[in-house]
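Please read the structure below before turning to the comments.
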Protein chains: 2
Amino acid sequence: MEKATIKDVAKAANVSIASASRALNGVGRISPVTKDKILRAARELNYVPHFGARSLIRKKTDIFGVLLPDLYGEFFSELVRGVDTAARASNYQILLSSYHNDAKETKSAIAAMRGRVDGIIVMTPYEFGEITYSDVIGAPIVQISSLNNHGGTPIIAIDNFQGAKIATEHLLKQGYKNIAHLSGPKVNMEAKERLNGYLDAIKNICPEKIYEGDFREESGFEIAEQIASDVKAGIIDAVFVANDMMAVGLINGLKEKKLKVPDDIGVVGFDNVPIGRYVTPSLTSLGVDMSQLGKKAVEILNLLVNGKPNSADTNKLVVFTPHLFERESSIKPE
Amino acid sequence: MEKATIKDVAKAANVSIASASRALNGVGRISPVTKDKILRAARELNYVPHFGARSLIRKKTDIFGVLLPDLYGEFFSELVRGVDTAARASNYQILLSSYHNDAKETKSAIAAMRGRVDGIIVMTPYEFGEITYSDVIGAPIVQISSLNNHGGTPIIAIDNFQGAKIATEHLLKQGYKNIAHLSGPKVNMEAKERLNGYLDAIKNICPEKIYEGDFREESGFEIAEQIASDVKAGIIDAVFVANDMMAVGLINGLKEKKLKVPDDIGVVGFDNVPIGRYVTPSLTSLGVDMSQLGKKAVEILNLLVNGKPNSADTNKLVVFTPHLFERESSIKPE
DNA sequence: TTAATTTGCGCAAACGTTTACGCATAATAA
DNA sequence: TTATTATGCGTAAACGTTTGCGCAAATTAA
């Protein structure tokens with residue numbers, strides 16, 4: 001039951017180590033009959049190639065690293081699912097890690113992956129200044145980030161600006177007149193971009209009105225009081241909320257204030273979290289297929305690692321524009 | 001920018017490879033001043049130890065494998081989060097993979113991890129017959145499974161039987177008289193155990209009434225028609241549903257049939273998915289803290305890998321009994 | 001037949017580490 | 001002073017693979 005090495009297999013099959021290796025890998029010249037003998041012996045001994053030894057000489061690990069800000073929620077699990085599926089299809093495994101939303105920890109998390117992976121997918125909603133990832137890690141990187149972060153590494157971006165614009169325009173199209181925005185935390189780039197998309201959409205149409213939140217559900221709930229009073233004052237009649245969880249909190253808060261969504265106030269969220277389909281009223285939102293996005297990330301990484309380094313690829317920018325999921329919270333009656 | 005090896009570091013610092021290694025690892029005898037010189041050189045060269053070479057000689061990878069049935073939903077992301085946190089705390093990384101709910105794929109998924117991990121956490125809601133995992137992988141295993149699956153490997157189990165019993169008894173305590181059960185697929189052990197818990201709870205109290213579902217939301221929605229008619233016929237007045245997603249589907253289906261939950265019929269789910277808090281009426285459910293469970297799994301695996309193999313540990317059985325989360329769907333009025 | 005080519009296989013180097021061992025030199029004890 | 005012990009460091013083996021090279025035997029061509 002001690003782990004068998006290729007040496008053991010070779011001995012059992014009465015051949016040299018070299019032949020054993022050739023048989024096991026199906027490369028090089030070897031006669032069918034000895035090959036068979038070797039494979040049989042390997043099975044018999046329950047032989048498993050030593051991963052480290054192999055990666056040592058092959059100079060690759062067949063592992064992709066995936067580094068996420070956090071592991072909360074359906075959002076990330078969808079992404080990971082897409083990555084896993086695509087990675088497996090190209091015979092890669094995934095080494096998963098999160099940096100617990102602590103931007104400072106990102107570097108050390110990346111460092112921990114160095115040498116263990118052939119490439120890395122990292123999701124960074126924050127700004128990172130001057131770090132060139134390939135320096136830090138010595139392996140190709142695909143970043144999942146925002147448009148503004150484009151600086152030499154391939155990036156897959158969700159077009160938050162465009163999405164926010166679509167959201168806001170949807171509210172306008174529904175007949176709402178005074179659209180406000182409930183934003184995310186200022187340090188978050190996605191939050192910024194969504195804010196800008198909102199601003200762009202209402203320009204010359206209605207006055208801007210911005211509430212600042214922090215992406216958490218409670219934050220939406222708490223701001224409801226102020227928003228409710230502004231609605232009653234006739235200042236606003238709809239809100240584009242920077243993410244769904246805040247929108248959910250907001251809707252619950254508005255309920256407490258006896259305001260009706262979407263009658264008294266229209267609400268659109270962002271992210272299209274599954275919960276959105278189940279709340280009452282169901283939540284109109286914008287989102288991309290994260291699983292698809294994960295797949296794309298693997299695809300690009302694969303190219304970077306295994307293809308010839310075409311500069312068009314290494315500088316790639318892939319944009320996913322969020323899709324509008326129209327539900328009840330934004331359907332203005334009458 | 002070519003990857004520096006320890007040899008390069010040694011050369012740059014004008015010492016032997018052995019000294020470099022000692023300095024880098026902080027073991028063995030070495031003078032502070034040379035150590036400093038070496039560390040400086042290493043930093044300068046951006047040195048990263050080659051993972052494969054290291055694991056080759058150390059005979060360990062510092063990686064734990066995590067193998068899940070699937071990657072859908074908050075359920076798993078919570079588990080992974082717990083595992084990640086605990087693993088990182090003990091300096092392990094995690095290699096994540098799913099077998100796509102295809103029991104047959106489990107073995108090959110395990111095989112793919114062989115040699116790459118020091119231990120593995122595998123979640124198996126299915127029965128697996130005669131497989132002894134340690135044979136298959138040659139590394140310690142912690143299984144997350146059900147009580148019945150206890151066969152020599154350490155297991156962390158959710159006590160589905162007990163949970164189901166608690167759920168059913170809760171409905172009885174609320175004053176519902178004829179409790180039915182909407183079950184999961186028969187091949188699923190958790191489904192079986194929940195069914196048994198239900199049966200045990202109603203024994204000698206009310207007649208059994210079982211609907212068979214398949215854990216999917218649609219399945220709950222579809223069965224609603226039949227359940228609604230049985231409610232109207234006065235045959236049942238509450239359902240313990242084998243998982244939350246079906247319960248959500250069921251509630252929506254019942255709404256269409258103009259039945260009021262919890263007034264006309266009480267509903268309790270299982271799993272305590274986050275969505276449950278947001279549906280209307282909010283869903284009473286049973287669940288364990290999956291993140292905590294993941295933490296526990298790592299803890300045991302750590303013991304198995306690094307501790308002395310105490311037989312009390314290798315045969316460990318840790319039971320998590322689900323906790324009742326009382327919400328609106330089961331609160332009988334008056 | 002002989003010459004040329006192909007096939008099957010083994011030898012040994014290389015990948016980048018860690019670590020037991022031994023040998024100088026320095027520090028301490030007598 | 002000399003004998004003992006402690007310290008700092010280098011040499012080399014070992015970990016388990018893959019693969020270029022070379023050689024004998026078998027096959028094919030002439």
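All values derive from a computational prediction rather than experimental measurement.
Side-chain atoms of A/S77 never come within 3.5 Å of backbone atoms of B/S77 as a donor-acceptor pair (strictly under, hydrogens ignored). In terms of modelled atom types and a separation under 3.5 Å, the side chain of A/T85 and the main chain of A/R81 share a donor-acceptor contact. Remark: side-chain polar atoms of B/S90 are not paired, donor with acceptor, to backbone N or O of B/Y92 under 3.5 angstrom. Side chain of B/R116 to main chain of A/T61: a donor-acceptor pair is present (N/O by atom type, distance under 3.5 Å, no hydrogens or angles). At least one donor-acceptor pair closer than 3.5 Å links the side chain of B/N25 to the backbone N or O of B/S21. Checking side-chain atoms of B/D8 against main-chain N and O of B/T5 turns up a donor-acceptor pair under 3.5 Å.
In this structure, CG of A/L45 is placed 15 Å from C1' of D/dG16, rounded to the nearest angstrom. In this structure, CG of A/L24 is placed 7 Å from P of D/dT18, rounded to the nearest angstrom. Rounded to an integer number of Å, the gap from B/K35 NZ to D/dT7 P is 15 Å. Atom NZ in B/K7 sits about 15 Å away from atom C1' in D/dG10, given to the nearest Å. With rounding to whole Å, B/I6 atom CD1 is found 15 Å from C/dC15 atom P.
Looking at heavy-atom distances under 4.0 Å, B/S21 makes contact with a base.
No hydrogens or angles considered: nothing links the side chains of B/Q93 and A/S97 as a donor-acceptor pair under 3.5 Å.
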Practice prompt. Take B/I155 and B/V318 through the test side chain to side chain contact (heavy atoms under 4.5 Å, CB included) and record every step on the way to the result.
Written response: CA-CA 6 Å; B/I155 292 212; B/V318 176; over 6 Å; no
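Put simply, B/S31 has a side-chain N or O that comes within less than 4.0 Å of OP1 or OP2 on D/dC9. In this structure, B/S19 does not reach the D/dC9 phosphate: none of its side-chain N or O atoms is under 4.0 Å from OP1 or OP2. Close to D/dG16, at under 4.0 Å from its OP1 or OP2, lies no side-chain N or O of A/T5.
The 12-atom threshold is not exceeded at NZ of B/K11, counting heavy atoms of other residues, nucleotides or ligands nearer than 6.0 Å.
Distance from the side chain of A/I17 is smallest to D/dT18 among C/dT17, D/dT18, C/dG10. Taking only side-chain atoms of B/T34, from C-beta outward, the nucleotide of C/dT18, D/dT17, D/dC9 with the closest atom is D/dC9.
Shown for residues 49-61 of chain A: residues whose heavy atoms fall under 4.0 angstrom of DNA chain C, namely A/L56, A/I57, A/K59.
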For nucleotides 21-25 of chain C, list the nitrogen or oxygen atoms of the protein found under 3.5 Å from its nitrogen or oxygen atoms, one pair per line.
none

